[in-house]
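The block underneath contains the structure these notes are about, expressed in structure tokens.
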Amino acid sequence: MSENVIGYMDDQGKIIDTQSAGENCNAAPIEYDNSEEALEIIRHSTAHLMAQAIKELYPDAQFFVGPVVDEGFYYDFRVSEKIGEEDLKKIEKKMKELIKKKYKIEKYEISKSEALEKFAHDDLKQAVLKNIPDEKVSIYRQGDFEDLCRGPHVPALRFLNNFKLTRVAGAYLGGDENAEMLTRIYGVAFATKEALKAYITMLEEAKKRDHRKIGTEMELFMFNEESGAGLPFWMPQGAKLRYKLEQILHRAHLTRGYEPVRGPEILKADMWRTSGHYACYGENMYLTEIDEQEYGIKPMNCIGHIQIFKQTQKSYRDLPLRYYEYGVVHRHEKSGVLHGLLRVREFTQDDAHIFCTPEQIASEVLDVVSFVDSVMKLFGFEYTMEIATKPEKAIGDDAVWEMATRGLKEALEGNNLPYTIDEGGGAFYGPKIDIKITDAIGRKWQCGTIQVDFNLPERFDVEYVAEDNSRKRPVMLHRAILGSFERFIGILTEHYAGEFPFFLAPTQVIFVPISDSHVDYAFALKKKLRMEGIDAEVYDKNDSLNKRIRTAEKKRVPYVVIVGDEEVANNTVAIRNRRTRQQYNLTQDEFMVELTKQLTEGTI
RNA sequence: GCCCAUAUGGCUCAGGGGUAGAGCACUUCCUUGGUAAGGAAGAGGUCGUGAGUUCAAGUCUCACUAUGGGCUCCA
């Protein structure tokens, strides 16, 4: 057996550790490196090493489970002492001490009943054992530390040199909200020091891109303790950015045959009773009383659109009818889930409801999917689609759910669009396709969504007149492309690290006049750009030229334009293009052409 | 909502039982400079809020609020 082999992979892709493999293993060896298989073994063993260290530092610790996850590993355990971020260093230090003892990691098997007896005084291990169907269970031992575990593990602690404990968290026992909360410590481990270092660098990069940090720096948005949690304020720079995004999307909706509408912010509670929101979503709604009548602030925009549809009699000739609204909604999210712009209590959805016949569902869904695709392409986002099926808390017949879910699957399959299934993840009124995009730190966020709804048309008795003059029930599709402006702008900010493309940038051009005599020229140019709908500023503060160029650059404005004697004399501009990091000179006319071209790049 | 942590001028942060510091930003003045920090002066905080301990509290304790990392839940 080679010194560097830490396990084997069998034909089925199952990892077998050296402890289980025996002397003459024919399976493919797994070398000690940063491959996916090797990291799985290394991380699992590092989790055990961490547990051993915790046990030495906190002798009363009891351990639950310590699996490998995408980003590393964690271990859940119970201790009487409080453990904070400060304590991670202490635990890391103890782990390193343990490595120096050169323990081998040994495995032995006992029967389940023996195990139940062995861990008789450990209710967490009893809980783990209860979930294991096998009659035999394995125990891994390193030094005097033993843990119930199915493996795989590295042969000895000497393979565990490059790790870092990243955070302490609380986690519910078994993921159950009503269960006890255990302490969880997350960590990462790699085969090489370089890989660990690269990972730490990546985390730091991600931190620099954090939209909350950039949002403060660029003065895009703010929160205010006195006003309440999860309620964002848009500062001028952020509002300009948001307005541009709204305009781009507004044009895109019009060209795709959507009609703008707008419903009220609060509606009588009876409306929400009819819709089912009161029963199914009530705990997330803000309710209020006006003139002894109960009202609910809207958490969704569907009801308003339905009322507008019903206002006039509709014909089959009107379908599909697509209503869209930048709908402001309020949802009482739990305080602990709020997160910058990505999870707030008031947000604006780019919401639309398409009223159509069942036969039109497939083509409408496809239209939306293609709309989504062009928006994602505009910003260069990777995304995945997921079909979410009937949840526990739901309204409507199973047969109807079945039909709607099949409709979504057929629309995607018929066009070879890949998707995954989220079992039980649907809205209470219908199944949906969720569009998830990946942010700079690799987190996935649900943004766009397409939902089929047979229930609300029924509940609100929505009808149209069919060809044969009979009354028929339309289907409703709920859909959003961005999801919400708040979340999408948060993700965009991290995606671009604040260096928004020209057509979105809050300030697009900043003029830096070299001295007082060039200020008029700069203001004349600014006015010219403003006439073309371009946000331009003049930076004529009493600071040195270098200082002003530096400050302008740091504002992440796409074009910093210097104007001095030469430019005034020749009607030119000296450009610093922050996106391409180039410097060049253009005539005013050439400059206008370049800017106009960049503006139109935001058309979809 | 739950677990842990944090909360000092606009921003980033230092201080740590005896009545607040730095850098940037801001204001005024000098400087009018050709591509990432010219110089000088000045204003601004009672240390998230409320209780408690103490002769004395940003500094210790508790509660609340907000924020951060997770869990559970979601656009």
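In what follows, chains are A, B, ... by sequence order, proteins preceding strands, each numbered from 1. This is a predicted model, so every value here is computed, not measured.
- In this structure B:G58 sits in the syn conformation; its chi angle is within 90° of 0.
- Backbone-only engagement by A:G230 is indicated by non-hydrogen atom pairs under 4.0 Å involving sugar-phosphate atoms exclusively.
- Distance noted for atom C1' between B:G38 and B:A66: 41 Å (whole Å).
- In this model, the phosphate group of B:G39 is not approached by any side-chain N or O of A:K547 to a distance below 4.0 Å at OP1 or OP2.
- Among the heavy atoms of the strands lying under 4.0 Å from A:K541 are primed sugar atoms or P, OP1, OP2 only; no base atom is included.
- In terms of heavy atoms, A:P299 sits closest to A:M285 at CG-CG, 3.6 Å.
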> Could you walk me through whether A:H339 and A:H211 pass the side chain to side chain contact (heavy atoms under 4.5 Å, CB included) check?
Replying inline: CA-CA 10 Å; A:H339 180 101; A:H211 75 281; 4.3 Å; yes
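- On a pure distance criterion of 3.5 Å, no polar donor-acceptor pair joins the side chain of A:D176 and the base of B:U72.
- Residue A:D516 places a side-chain atom within donor-acceptor reach of the base of B:U32, judged by atom type and a 3.5 Å distance cut-off alone.
- B:A25 and B:G44 have their C1' atoms separated by 12 Å, given to the nearest Å.
- Only one option out of A:R331, A:R345, A:R242 pairs with A:E486 in a salt bridge (charged side-chain N to carboxylate O under 4.0 Å, His left out); it is A:R242.
- Under 4.0 angstrom from either OP1 or OP2 of B:A75 there lies no side-chain N or O belonging to A:S484.
- With distances taken from any side-chain atom of A:Q349 to the nucleotides B:G38, B:A75, B:G70, the minimum falls on B:A75.
- In this model, a side-chain donor or acceptor of A:R576 finds a partner on the base of B:A36 within 3.5 Å.
- Rounding to whole angstrom units, NE2 of residue A:H518 and P of B:G33 are separated by 9 Å.
- The side chain of A:A574 approaches B:U35 more closely than any other nucleotide in the set B:G70, B:U35, B:C11.
- Spacing of P atoms, B:G52 relative to B:A57, comes out at 12 Å, to the nearest Å.
- For the pair A:K244/A:L241, no side-chain contact is recorded, criterion being any heavy-atom separation below 4.5 Å from C-beta on.
- Distances from the side chain of A:K82 to the nucleotides B:C3, B:G33, B:C4 place B:C4 closest.
- Between B:C74 and B:U6, the two P atoms lie 31 Å apart (nearest whole Å).
- Between the side chain of A:E567 and the base of B:G34, a donor-acceptor pair under 3.5 Å is found.
- Look at A:H332 and you won't find any side-chain N or O under 4.0 angstrom from OP1 or OP2 of B:C74.
- Look at A:R212 and you'll find a side-chain N or O under 4.0 angstrom from OP1 or OP2 of B:G68.
- You'll find the side chain of A:K298 stays beyond 4.5 Å of the side chain of A:I303, heavy atoms only.
- At a cut-off of 3.5 angstrom, the base of B:C74 holds at least one donor-acceptor pair with the side chain of A:R487.
- In this structure, A:I83 reaches the sugar-phosphate backbone alone: every heavy-atom distance under 4.0 Å involves primed, P, OP1 or OP2 atoms, never a base.
- Here the side chain of A:V337 is nearest to one of B:G38, B:C11, B:C71, namely B:C71.
- Look at A:F347 and the base of B:A75; the rings stack, centres closer than 5.5 Å and planes less than 30° apart.
- Within the 4.0 angstrom heavy-atom criterion, no nucleotide atom of any strand lies near A:A552.
- For A:R184 against B:C4, a side-chain-to-base donor-acceptor contact under 3.5 Å is absent.
- Remark: the separation of the C1' atoms in B:G39 and B:U46 is 33 Å, to the nearest Å.
- Counting non-hydrogen atoms under 4.0 angstrom, A:K334 reaches a base of the nucleic acid.
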